[in-house]
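Below is one structure, written out as structure tokens, with a few remarks after it.
Computation of the quantities below employed the complete heavy-atom set of this structure, encompassing side-chain atoms and omitting hydrogens, waters and symmetry-equivalent molecules.
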Amino acid sequence: GEEGPIQPPVGPNKNYAKAAGQHWPYAPTLFGYIQRAMPFNAPKSLSNDEVYAVVAYILSRNKIIPEDQKIDQSNLAGIKMPGKDKFIDLWAQQKDKPY
């Protein structure tokens, strides 16, 4: 849960642009990243329940959800991430997709 040389810090840090609450536009994206890449020494080894627990921990440390809120498939997509509005949909702006 501490800032390292690669990963952003778990807790809120307004001076660090990649704090988890600001770095991910959608909570399911955070879930997918953790599911595929964590833990660092054994990627893809966590169960879905463990990934939900890690996501809940990160979101609570970033003050996005209460500490006691449980995260699962039924409520993950409804979590509003504070950094969402900082992302730009370039395809929507260009009004033309490359495929």
Reported [atom1]-to-[atom2] distance for the pair [X] and [Y], which is rounded to 0.5 angstrom:
X	Y	atom1	atom2	answer
Lys70	Tyr52	NZ	OH	14.5 Å
Ile34	Ile58	CD1	CD1	4.0 Å
Ile65	Tyr57	CD1	OH	12.0 Å
Asp72	Phe31	CG	CZ	10.0 Å

Hphob cluster co-occupancy, Leu46 + Leu76, side-chain heavy atoms under 4.5 angstrom
yes

Hey, quick one: are Ile64 and Tyr33 part of the same hydrophobic cluster, counting side-chain heavy atoms closer than 4.5 Å, chains of contacts allowed?
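Result: yes, single cluster for both.
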
Given the rule in the side-chain contact (heavy atoms from CB on, under 4.5 Å) test, do Met81 and Leu59 qualify, once you have shown the distances and angles that lead to the verdict?
CA-CA 9 Å; Met81 299 296 280; Leu59 295 179; 3.7 Å; yes

Contact summary for [X] and [Y], nearest pair of heavy atoms:
X	Y	result
Ile71	Ala56	CG1-CB, 3.5 Å
Arg36	Pro43	O-CB, 3.5 Å
Glu50	Ser45	OE1-O, 4.2 Å

Taking NZ in Lys44 as the centre, count heavy atoms belonging to other residues, nucleotides or ligands within less than 6.0 Å. Is the count above 12?
no

Who are the side chain to side chain donor-acceptor pair (under 3.5 Å) partners of Asn48, not counting sequence neighbours?
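With sequence neighbours excluded, Asn48 shows a side chain to side chain donor-acceptor pair (under 3.5 Å) to Gln35, given in chain and number order.
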
Tell me every residue that passes side chain to side chain donor-acceptor pair (under 3.5 Å) with Gln69, counting only those two or more places apart in sequence or in another chain.
none

The test is side-chain contact (heavy atoms from CB on, under 4.5 Å); show your working for Ile79 and Val55 and say whether it passes.
CA-CA 11 Å; Ile79 296 171; Val55 170; 5.9 Å; no

After noting the C-alpha distance and the side-chain angles of Asp49 and Ser47, does the key distance pass the side chain to side chain donor-acceptor pair (under 3.5 Å) rule?
CA-CA 5 Å; Asp49 287 342; Ser47 70; 5.3 Å; no

